[in-house]
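Notes to accompany the following structure.
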Amino acid sequence: MVRIVWLVLFWAALAPLALGQTARPLAITHVTVIDATGAAPRLDMTVIIVGERITAIGPAMKLKIPPNAEVIDATGKFLIPGLHDMHVHLTMTPDPAVSRAVMAPLLVAYGVTSVRDMGGDWERLQQLRAAIGAGTIVGLRILTPGPFVDGPQPPGKAVLPVNDEAGARQAVRKLKTDGVDFIKVQAQLAPAVWQAVVAEAKEQRLTVAGHVPERVSAFAVATSGQRSLEHISPVLPGDAGLLLACSNQEEELRRTMLELGQLAQQPNPDRQQLFQRQRALQAQLISTYDNAKCGRLLALLAQRPIWVVPTQIFGRQFAPLHANDLPREAAWEQVPLSTRTRWETRRKVVIQASKPEDYAFRQAMFEQARNLVGALHRAGVKLLAGTDTLDGYVLPGLSLHQELEWMVAAGLTPLEALQTATRNPAQFLGKSTATGTIARGKDADLLLLEADPLVAIRNTQRIHTVILKGQVISPQRRQQLLDNAAAWASQH
């Protein structure tokens with residue numbers, strides 16, 4: 001796959017806890033409710049949960065607590081909806097145990113109660129869902145397309161390659177029969193084949209999400225019926241579709257990008273030459289950015305039922321921005337040893353080969369992408385938070401909180417950033433009546449915080465308790481999830 005080729009080029013048994021079951025109601029008392037609707041926080045409230053649903057919300061001094069309820073005194077704490085990570089890959093690691101032993105428990109421990117898996121091994125994803133349904137691992141909610149649909153290449157568990165329009169339609173019908181939740185399109189689809197995927201998905205009543213195909217303009221995608229555009233990054237060609245459409249030399253740069261992609265797949269390519277040409281292309285993406293043209297694109301996106309998932313944290317973490325840019329979060333120990341060793345080895349190679357001007361150049365690329373996120377927001381384009389975990393230095397769970405910080409850095413308010421992981425995903429998925437905000441009758445997927453996220457979005461990381469499907473993951477239980485993941489990771 002081209003994206004994996006570019007990644008390589010530019011880098012040159014403790015089981016998790018299952019959710020317990022209880023018939024007792026739950027009362028969270030004296031809490032400040034930040035419901036993510038945009039309404040002002042409600043102070044000194046009580047929230048009652050029965051089963052998997054919120055059944056009542058009211059002032060703590062007035063709302064009656066059921067006599068047999070479990071009570072959490074949340075004085076001084078803040079309640080927000082559970083978080084959605086709208087771009088993860090749960091089964092892209094060689095070891096199938098990673099998703100069960102590390103990814104699922106870490107996501108839940110960090111308050112991510114729902115994920116949109118953006119392509120992977122359908123069989124493994126079904127097994128993961130079955131384990132969640134059986135209660136053997138923590139029960140986060142998963143939506144998935146199974147394998148993503150892409151252009152000609154060797155088939156694999158995570159990719160369903162198609163060569164022509166007939167094959168594209170057949171692939172969509174097969175995935176519909178398999179029971180996937182939506183269709184994921186990848187970067188190598190030819191224009192007519194991509195159009196066939198979108199058309200057939202519409203006939204099959206399936207949503208299409210994914211990349212801007214490399215041969216297609218984002219202007220065309222905006223009007224196609226595709227529901228989401230993934231990634232804003234000049235680092236990888238398949239992630240640069242929005243920036244490319246903002247260039248006043250779009251077609252010329254597209255031809256260069258496709259040529260470089262073909263060269264990268266040749267046996268024994270000249271990597272140094274490819275690197276230099278790729279860098280020149282990235283520089284042109286920045287220097288040919290056309291505010292007027294980009295404004296037309298953003299206005300078009302804002303008018304359409306299409307959402308953008310920037311995955312800024314991937315763009316930030318992928319390549320070092322200074323000589324000491326080796327991430328050292330405490331959560332690092334929760335990533336499998338083999339994975340973090342590979343990431344660190346590759347990053348050290350890049351750092352050793354980098355000059356001061358290389359760091360400045362990468363910083364400029366990242367800032368250009370971040371500025372585009374801000375422009376999207378100001379234009380009224382609908383945004384979703386996603387991370388691309390588990391990829392280079394993008395840690396399950398924690399990375400979503402970091403993505404919210406980058407949303408604020410791009411110009412969103414803390415509330416608007418929070419909504420990209422709560423209210424907005426529910427709207428995108430057509431599930432606003434069930435999830436995304438805190439209200440009577442909605443799913444009891446909640447996150448209890450020690451500090452106010454509207455004062456500083458980083459406070460979403462100050463987690464006290466996670467509530468998933470009405471079940472309490474206490475501070476002690478949450479720590480055990482983290483400890484179990486770290487113990488397993490240290491041995492693998």
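Remember, it's a predicted structure, so these values are computed and weren't measured experimentally. Counting from 1, the numbers follow the sequence of the chain as shown.
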With a 4.5 Å cut-off on side-chain heavy atoms, are Pro161 and Pro155 touching? yes
In this structure, CG of Leu395 is separated from CG of Leu400 (nearest 0.5 Å) by 12.0 Å
Between Asn484 and Leu481, is there a donor-acceptor pair closer than 3.5 Å when you use the side chain of the first and the backbone of the second? no
Would you call Leu398 and Thr389 a side-chain contact if the rule is heavy atoms closer than 4.5 Å? no
May I have all residue pairs that pass salt bridge (charged side-chain N to carboxylate O under 4.0 Å, His left out) and include part of residues 182-202, sequence neighbours excluded? Arg169-Glu200, Arg173-Glu200
Residues Trp122 and Gly146: closest non-hydrogen pair is CE3-CA, 3.7 Å
Over 60° means perpendicular and under 30° means parallel, so classify the ring planes of Phe314 and His231, tilted if in between. tilted
Tell me, do Leu143 and Lys431 make a side-chain contact under 4.5 Å, heavy atoms counted? yes
Nearest 0.5 Å, what's the OG-CG distance between Ser399 and Asp85? 6.0 Å
Over 60° means perpendicular and under 30° means parallel, so tell me whether Tyr393 and Trp332 are parallel, tilted or perpendicular. parallel
Heavy-atom count check: over 12 atoms from other residues, nucleotides or ligands less than 6.0 Å from Gln170 CD? no
Here the pair of heavy atoms bringing Arg279 nearest to Phe361 is O-CZ, 3.4 Å
Would you name the heavy atoms of Phe428 and Met86 that are closest together and state the gap between them? CD2-CE, 3.7 Å
Using a 3.5 Å distance criterion without hydrogens, assess whether the side chain of Ser247 forms a donor-acceptor pair with backbone atoms of Leu243. no
Between Val309 and Met118, is any pair of side-chain heavy atoms under 4.5 Å apart? no
Would the number of heavy atoms belonging to other residues, nucleotides or ligands and lying under 6.0 Å from NZ of Lys157 be above 12? no
Within this structure, what is the OG1-CD distance for the pair Thr460 and Glu405, rounded to the nearest 0.5 Å? 7.0 Å
Side-chain contact, heavy-atom cut-off 4.5 Å: Met365 with Arg362? yes
Compare all side-chain heavy atoms of Phe182 with those of Leu206 and state whether any distance is below 4.5 angstrom. no
Quick one, Ile463 with His401, criterion side-chain contact (heavy atoms from CB on, under 4.5 Å). Give me CA distance, side-chain angles, the key distance, then yes/no. CA-CA 11 Å; Ile463 299 169; His401 297 271; 4.1 Å; yes
Take Gln249 and Thr256, measure what side-chain contact (heavy atoms from CB on, under 4.5 Å) needs, and give me the verdict at the end. CA-CA 11 Å; Gln249 297 179 18; Thr256 301; over 6 Å; no
Between CD1 of Ile351 and CG of Asp358, what distance do you get to the nearest 0.5 Å? 11.5 Å
Please answer whether the main-chain N or O of Lys382 pairs with a side-chain N or O of Asn424 as donor and acceptor at a distance below 3.5 Å. no
With the threshold set at 4.0 Å, does a side-chain nitrogen-carboxylate oxygen contact exist between Arg100 and Asp95? no
Measure the spacing between CG of Leu253 and CG of Leu258 and express it to the nearest 0.5 Å. 11.0 Å
Using a 3.5 Å distance criterion without hydrogens, assess whether the side chain of Asp117 forms a donor-acceptor pair with backbone atoms of Leu90. yes
More than 12 heavy atoms from other groups under 6.0 Å of NZ on Lys293: yes
Quick one: do Leu418 and Met407 satisfy side-chain contact (heavy atoms from CB on, under 4.5 Å)? Show the steps, please. CA-CA 9 Å; Leu418 179 63; Met407 289 288 191; over 6 Å; no
Backbone of Thr144 reached by a side-chain donor or acceptor of Asp181 within 3.5 Å: yes
Arg141 and Thr435: side chain donor to acceptor below 3.5 Å: no
Heavy-atom pair of closest approach, residues Ala218 and Gly241: CB-O, 4.0 Å
Closest approach of Gly167 and Val162, non-hydrogen atoms and distance? O-CG1, 3.6 Å
Trace of the side-chain contact (heavy atoms from CB on, under 4.5 Å) decision for Arg254 with Ser217: CA-CA 9 Å; Arg254 176 174 287 108; Ser217 174; 4.0 Å; yes
Point-to-point distance, once rounded to the nearest 0.5 Å, from CZ of Arg340 to OG1 of Thr345: 12.0 Å
Donor-acceptor pair, side chain of Gln153 and main chain of Gly151, under 3.5 angstrom: yes
Taking the side chain from Arg129 and the backbone from Ile142, do they hold a donor-acceptor pair closer than 3.5 Å? yes
Any donor-acceptor pair under 3.5 Å from His211 side chain to Pro213 backbone: no
Under 3.5 Å, is there a donor-acceptor pair between the side chain of Glu403 and the main chain of Ile313? yes
Step-by-step side chain to side chain donor-acceptor pair (under 3.5 Å) determination, His87 to Glu230: CA-CA 8 Å; His87 193 122; Glu230 311 296 315; 2.8 Å; yes
Return yes if some donor-acceptor pair links the side-chain N/O of Arg227 with the main-chain N/O of Trp307 below 3.5 Å, else return no. no
Ignoring hydrogens and angles, write down the donor-acceptor pairs under 3.5 Å from the side chains of residues 101-114, residues two or more places apart or on other chains.
| residue | atom | partner | partner atom | Å |
| --- | --- | --- | --- | --- |
| Tyr110 | OH | Gln334 | OE1 | 3.4 |

With a 4.5 Å heavy-atom cut-off, do Trp194 and Val149 have their side chains touching? no
Just so I know, are the side chains of Pro147 and Leu175 near enough to count as touching, which here means a heavy-atom distance under 4.5 Å? yes
Heavy-atom pair with the smallest gap, counting every atom of Ile132 and Gly139: CG2-CA, 3.2 Å
